[in-house]
Q: 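Here it is, the structure in full.
Nothing fancy with the numbering, it's 1 onward along the sequence.
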Amino acid sequence: MVDRLANSEANSKRINVVEGCFGAAGQPLAISGRVLIGEGVLTKLCRKKPKARQFFLFNDILVYGNIVIQKKKYNKQHIIPLENVTIDSIEDEGDLRNGWLIKTPTKSFAVYAATATEKSEWMNHISKCVSDLLEKSGKAPNSEHAAVWVPDSEATVCMRCQKIKFTPVSRRHHCRKCGFVVCGPCSEKKFLLPSQSSKPVRVCEFCYEQLSSGQLSATLPPRSDSYKFPMNNVSDDDDDDDSSD
């Protein structure tokens, strides 16, 4: 089906519409062989709070952006190559239901669909696209992914020293390696994590020591059991004003 649609006029028109909605600030999306599989609004768990985002699934990339005018205008376009993606289901908890993790080497975050059926369809289509891409390329599934960030609301005190309380003066920071919410003194060091940035990024004291001694890889994710926070409370920082922290 995908191969038949690849060069169809209908598919080209749909992709052109998506390009138009992102405007000049967005990247060109129309390339030979690319097919728009589906689209829809998902709730994305960001650093501060859940936010509605428009997602577009293509056979080789996942695109999302902020909704300015529904079905007419989007901004802050993000493009994720699907061959780097792994997904994991998240158990329902409270008001956050029908969710799953989207994990990549550069960032990982949680999204939530409106219904269980919609969640199943998204996850099945993403898995099929990833599987097809890996089969064609002969590559192994990706085993590297960035840490998911613990949301600000989950930590009232530093998750490392367990002493400093967060206030407007004592700000929250995130370790790029483990995703913990930490205080300034516990995250003064930086370390090069090649999959996330070409420059050294903020890491907590614990991860810095582990990375420096070689006990922790700069490319592989930390142990998932290093902190037992609710699996539905994992976030991303891409559209918060203080995302550099």
Q: Side-chain contact, heavy-atom cut-off 4.5 Å: V63 with V18?
A: no

Q: Flag the pair E209 / S212 as yes when at least one side-chain heavy-atom distance between them is below 4.5 Å, and no otherwise.
A: no

Q: Tell me, please, which residues at least two apart from Q54 pass side chain to side chain donor-acceptor pair (under 3.5 Å).
A: Q70

Q: Give the intermediate values and the outcome of salt bridge (Lys or Arg N to Asp or Glu O under 4.0 Å) for residues E205 and R160.
A: CA-CA 8 Å; E205 187 70 29; R160 283 304 181 192; over 6 Å; no

Q: Verify, without hydrogens or angle tests, whether S131 (side chain) and S127 (backbone) share a donor-acceptor contact under 3.5 angstrom.
A: no

Q: Any carboxylate oxygen within less than 4.0 angstrom of a Lys/Arg side-chain nitrogen, looking at D132 and K128?
A: yes

Q: Tell me whether T106 contacts the main-chain N or O of Q196 through its side chain, where contact means a donor paired with an acceptor under 3.5 Å.
A: no

Q: Take atom CG of N124 as the centre, draw a 6.0 Å sphere, and report whether it contains more than 12 heavy atoms from other residues, nucleotides or ligands.
A: yes

Q: If every non-hydrogen atom of N142 is compared with every non-hydrogen atom of T86, which pair is closest and at what distance?
A: O-CG2, 3.4 Å

Q: Is there side-chain contact between L134 and P141, with at least one heavy-atom pair below 4.5 Å?
A: yes

Q: Check whether any side-chain heavy atom of W100 lies under 4.5 Å from a side-chain heavy atom of V111, and answer yes or no.
A: yes

Q: To the nearest 0.5 Å, tell me how far I61 CD1 sits from F56 CZ.
A: 11.0 Å

Q: Distance-only, no hydrogens or angles: does the S198 side chain make a donor-acceptor pair with backbone N or O of P194 under 3.5 Å?
A: no

Q: Using 0.5 Å steps for rounding, measure from the CZ atom of R171 to the CG atom of D152.
A: 9.5 Å

Q: Would N11 and I15 count as a side chain to side chain contact (heavy atoms under 4.5 Å, CB included) here? Give the steps.
A: CA-CA 6 Å; N11 179 63; I15 295 178; 3.6 Å; yes

Q: Apply side chain to side chain donor-acceptor pair (under 3.5 Å) to K139 and list each qualifying residue two or more places apart in sequence or on a separate chain.
A: E83

Q: If you measure only the distance, is there a donor-acceptor pair under 3.5 Å linking the side chains of S153 and K48?
A: no

Q: Answer yes or no: is there a donor N or O on one side and an acceptor on the other, between the side chain of R34 and the main chain of F58, under 3.5 Å?
A: no

Q: Taking CD in Q215 as the centre, count heavy atoms belonging to other residues, nucleotides or ligands within less than 6.0 Å. Is the count above 12?
A: yes

Q: Could you report the tightest heavy-atom contact between I164 and C161, atom names first, then the distance?
A: N-SG, 3.6 Å

Q: Keeping S170 on the side-chain end and F166 on the backbone end, is there a donor-acceptor pair under 3.5 Å?
A: no

Q: If hydrophobic clusters are built by linking Ile, Leu, Val, Met, Phe, Trp and Tyr wherever their side-chain heavy atoms come under 4.5 Å apart, do V181 and V157 end up in the same one?
A: no

Q: Are any non-hydrogen side-chain atoms of K199 and K190 less than 4.5 angstrom apart?
A: no

Q: Can you see which heavy atom on Q162 is nearest to which on M159, and at what distance?
A: NE2-O, 3.1 Å

Q: Could you walk me through whether L57 and Y64 pass the side chain to side chain contact (heavy atoms under 4.5 Å, CB included) check?
A: CA-CA 9 Å; L57 176 63; Y64 69 92; over 6 Å; no

Q: Specify the closest pair of heavy atoms between C178 and A147, including all atoms of both residues, with the distance to one decimal.
A: C-CB, 3.5 Å

Q: Any sub-3.5 Å donor-acceptor pair from E39's side-chain atoms to F55's backbone N or O?
A: no

Q: Going hydrophobic residue to hydrophobic residue with side-chain gaps under 4.5 angstrom, can you get from F206 over to V182?
A: no

Q: If we count only N and O atoms by modelled type, under 3.5 Å, do the side chains of N66 and R53 hold a donor and an acceptor together?
A: yes

Q: Working note: C175 + S187, criterion side chain to side chain contact (heavy atoms under 4.5 Å, CB included); need CA distance, chi angles, decisive distance, verdict.
A: CA-CA 7 Å; C175 172; S187 59; over 6 Å; no

Q: What's the spacing between E19 CD and N16 CG if we round to 0.5 Å?
A: 5.5 Å

Q: How are the rings of F191 and Y208 set relative to one another: parallel (under 30°), tilted (30 to 60°) or perpendicular (over 60°)?
A: perpendicular

Q: Measure the spacing between CZ of F180 and CD of E154 and express it to the nearest 0.5 Å.
A: 12.0 Å

Q: Taking R176 for the side chain and H174 for the main chain, is one N or O donor matched with an acceptor at less than 3.5 Å?
A: yes

Q: Decide side chain to side chain contact (heavy atoms under 4.5 Å, CB included) for I102 and S108; before the verdict, give the C-alpha distance in whole Å, the side-chain angles of both, and the deciding distance to 0.1 Å.
A: CA-CA 6 Å; I102 296 176; S108 302; over 6 Å; no

Q: Ignoring hydrogens and geometry, is there a side-chain-to-backbone donor-acceptor pair from N59 to V35 under 3.5 Å?
A: yes

Q: Taking the side chain as C-beta and beyond, is there a heavy-atom pair between R172 and T167 under 4.5 Å?
A: no

Q: For the hydrophobic clusters of this structure (ILVMFWY residues joined by side-chain heavy atoms under 4.5 Å, transitively), does one cluster hold both I79 and V41?
A: yes

Q: Rounded to the nearest 0.5 Å, how far does CD of E9 lie from CZ of R14?
A: 13.5 Å

Q: With heavy-atom distances below 4.5 Å as the criterion, would you say the side chains of I90 and Y112 are in contact?
A: yes

Q: Please answer whether the main-chain N or O of A116 pairs with a side-chain N or O of S120 as donor and acceptor at a distance below 3.5 Å.
A: no

Q: Do C21 and K73 have side chains that get closer than 4.5 Å, going by heavy atoms?
A: no

Q: So how far is it from C186 SG to R202 CZ, rounded to the nearest 0.5 Å?
A: 11.0 Å

Q: Is K44 close enough and on-axis enough to F109, meaning under 6.0 Å and within 45°, for cation-pi?
A: yes

Q: Show the nearest heavy-atom pair for residues L133 and D60, with the distance to one decimal.
A: CD1-CA, 3.7 Å

Q: Mark yes or no for whether T43, through its side chain, and P50, through its backbone, hold a donor-acceptor pair below 3.5 Å.
A: no

Q: Mind listing the closest non-hydrogen atom pair of A110 and L101 along with its distance?
A: CB-CD2, 3.9 Å

